[in-house]
Amino acid sequence: MFVAKALDAISKESGRIAITAIVCNMLRTVMETTPEDLVAVVYLLANRIAPAHEGLELGIGDASIIKALYEACGTKEAQIKKQYKESGKDSQEKKKNHIKALLVAATDCEPQYLIRLLQAKLRIGLAEQTLLAALGHAAVYADKQSSTPANIDSSLEEAAKIVKQVYSVIPVYDKIISALLADGVWDLPKTCSFSPGVPVGPMLAKPTKGVSEILDKFQDIEFTCEYKYDGERAQIHYMEDGTVEIYSRNAERNTGKYPDVVDAISRFKRPSVTSFVLDCEIVAFDREKKKILPFQVLSTRARKNVVLSEIKVGVCIYAFDILYINGQPLLQAQLDSRRQHLYESFEEEPGFFQFATAVTSNDLEEIQKFLEAAVDASCEGLIIKTLKKDATYEPSKRSNNWLKLKKDYMDSTGDSLDLVPIAAFHGRGKRTGVYGAFLLACYDVNNEEFQSICKIGTGFSEAVLEERSASLRSKVIPKPKSYYRYSDTINPDVWFEPIEVWEVKAADLTISPVHRAATGIVDSDKGISLRFPRLLRVREDKNPEDASSADMVADIYRAQKHNQSNRDDDEQ
DNA sequence: GCTGACTGCCC
DNA sequence: ATTCTGC
DNA sequence: GCAGAATGGGCAGTCAGC
């Protein structure tokens, strides 16, 4: 099959330029021969079946693929599973071969079905941004009049930029492609542009290690600081006809999850406002105690067809930006002007709708204090934003105009623990042949046992991952030790002797349904786990018995803002 | 009707 | 989410 | 610095099997 061959060619290339060229050529061919197929081909390459906000999903994951392969080829399931996980590369190949073989043998609708299986992850170095660039390039070639060979390269670059920009504002391939085929790239920003009701890619922030780095990056620029709330990013669209849509960070339609938010709009919107697009964070909120609740509480909310009267977790909207007001897009406006619109157009209602707490200062100590205050108010940290210059809203971009500062990014602060790898999982893709993730444990001194606390799979350079895999491979044991505490549902590929100690950083500690650290100390039968665990370094100087103890884990958990039962234990 | 595995989507 | 890496 | 690809905890929703 034509597409399959192209994918194969792409997977053999590593350079983005080469990949873009292959995709571009494929798209050109389709445009010239069967333009009506272009949308389908693009969706195929994008690994999607519909725009995110339309909420279609496949419901096919690894487990189903393994089973399907089993049923289709009659190989033993266990064997495939083994190949698939154990020797990733081999199994990747085999899997591909299986699918290839099936494609060859397939009839009628089968190929389509099998290709869908592939959709889980393409992992061939082609993703959205490259596809968009290729689409732009292909459109230049299709536009015979304008492209003079002399400046073809800059034309290609410009076209890629246009397509990416347009996609960030209206992420609907169907619309972009039909506009592209009808009127070409150069007019695309006019023929296909932002429209209320369609989610805009939310602007993202770059991680930053400390206040001094911020002052460094924003040397002569005016900037402002805001609390970074720990909830769910939301983009609220309010249309002229009164319709409301709420979109997630990844452009999923969340309207049905937040009827309470929809209901509150008429109260916090000023009467003069006839339409808007609001950028905000939805945060779980205890209105009786007037307290922000942890993300984990927010995530227990029902997600589909929620009925207003049955809501158990109240929610407060923290608004921080506005992209559209009364028919006028504000994406090109500077933040100070967008903020002015924001403050003028809405009214705060404590516990329901508030503006993100903000301070404008360039004093290191003041910002440091503001960060402390943010953490004290149950926030993750700060977002620091340019205010008047280079301060437009840049959809989908992790722009330098927004920086995020969290306590756990800073070298000197944040929770770091010393933990013992007791098991591992075979890596896939570029981790083939080494372990892809490890199961970590703390040490319970009292019971002399190692209790699982989290898995870890990030923070390793390739070299370190190679070293640790080699080192631990010689410590594999056939069965877990009797003094390992873990859940049966974990199912690692290999178990280890307790030998090494790794220093691990985390953003938070959470009560876990699966991990066993400190079980019986803060909760009678649930353990503690880590949020966003990553490897800092290997502690060559420590023995497993010197790892963080269950008691220490419990202490760190209790020290977290959210978990303090009352305020009496705070220092004066 | 309940349970557990799987999936998708939040972070 | 966080992190690393090829280009 | 971008883009992509490794990987984390944990929730509700879904569905097969008991």
Side-chain angles (χ1 to χ4, degrees), chain A residues 13-20 52 55-67 88 120-133 160 164 204 206-207 228-234 248-254 257 281-283 294-306 313 380 396-400 404 406 408-409 424-425 427-432 434-440 452-465 487-489 491 504-515 526-536:
Chain A
E13 289 290 343
S14 64
R16 212 149 61 219
I17 296 170
I19 290 175
T20 311
L56 293 174
E57 54 185 59
L58 279 177
I60 297 172
D62 279 344
S64 317
I65 292 175
I66 292 166
K67 282 185 190 155
K121 262 164 219 156
L122 231 36
R123 309 199 302 216
I124 55 175
L126 167 70
E128 198 133 78
Q129 295 307 305
T130 306
L131 173 59
L132 292 169
K164 287 182 186 183
L204 306 170
K206 283 238 173 84
K228 183 181 192 301
Y229 295 87
D230 190 10
E232 183 174 5
R233 184 86 175 258
S248 76
R249 183 195 133 119
N250 295 312
E252 300 284 336
R253 187 177 278 134
N254 259 347
K257 178 176 174 181
E281 190 83 5
I282 295 178
V283 181
F295 175 78
Q296 232 180 336
V297 173
L298 179 69
S299 65
T300 64
R301 276 188 57 128
R303 295 172 193 180
K304 289 188 165 173
N305 308 314
V306 176
V313 176
E380 294 185 289
S396 301
K397 284 204 179 137
R398 201 173 288 284
S399 150
N400 267 322
K404 60 176 161 178
K406 300 213 268 181
D408 61 287
Y409 294 165
F425 305 81
R428 310 151 129 204
K430 67 185 181 184
R431 295 261 174 104
T432 296
V434 292
Y435 297 123
F438 302 84
L439 181 63
L440 295 178
S452 85
I453 186 166
C454 67
K455 294 201 288 173
I456 190 166
T458 192
F460 305 85
S461 67
E462 281 180 1
V464 166
L465 187 60
S487 156
D488 298 332
T489 57
N491 238 303
V504 168
K505 185 94 138 181
D508 274 311
L509 281 74
T510 58
I511 295 291
S512 171
V514 298
H515 291 290
K526 283 182 174 170
I528 287 172
S529 187
L530 307 184
R531 189 183 188 192
F532 310 144
R534 61 268 197 188
L535 181 77
L536 283 188

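Side chains included, hydrogens not; waters and symmetry mates left out as well; all remaining heavy atoms used. In what follows, chains carry the letters A, B, and so on, assigned in the order in which the sequence lines appear, proteins first and then strands, with residues in each chain numbered from 1.
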Under 4.0 Å, counting only non-hydrogen atoms across every strand here, what does [X] touch: a base, just sugar-phosphate, or nothing?
X	answer
A/Tyr409	sugar-phosphate
A/Leu509	nothing
A/Asn254	sugar-phosphate
A/Leu126	sugar-phosphate
A/Lys397	nothing
A/Lys257	nothing

note = Expected string for nucleotides 7-14 of chain D under the B/S/- scheme (protein heavy atoms, under 4.0 Å, primed atoms plus P, OP1, OP2 as sugar-phosphate) is SBSSBSSS
query = Please give, in whole Å, the distance from D/dG1 P to A/Leu204 CG?
reply = 16 Å
key: Closest non-hydrogen atom pair between A/Arg534 and A/Ile456, with its separation   = C-CD1, 3.4 Å
ask   = Using a cut-off of less than 4.0 Å, is there contact between a side-chain N or O of A/Thr489 and OP1 or OP2 of B/dA5?
value = no
task = Indicate whether OP1 or OP2 belonging to D/dC2 is found under 4.0 Å from a side-chain N or O atom of A/Lys164.
result = no
message = I'd like to know whether the aromatic ring centres of A/Phe438 and A/Phe460 sit less than 6.0 Å apart in this structure.
response = yes
Nearest-nucleotide 5' precedence on DNA chain C, A/Lys430 against A/Glu380 = A/Glu380
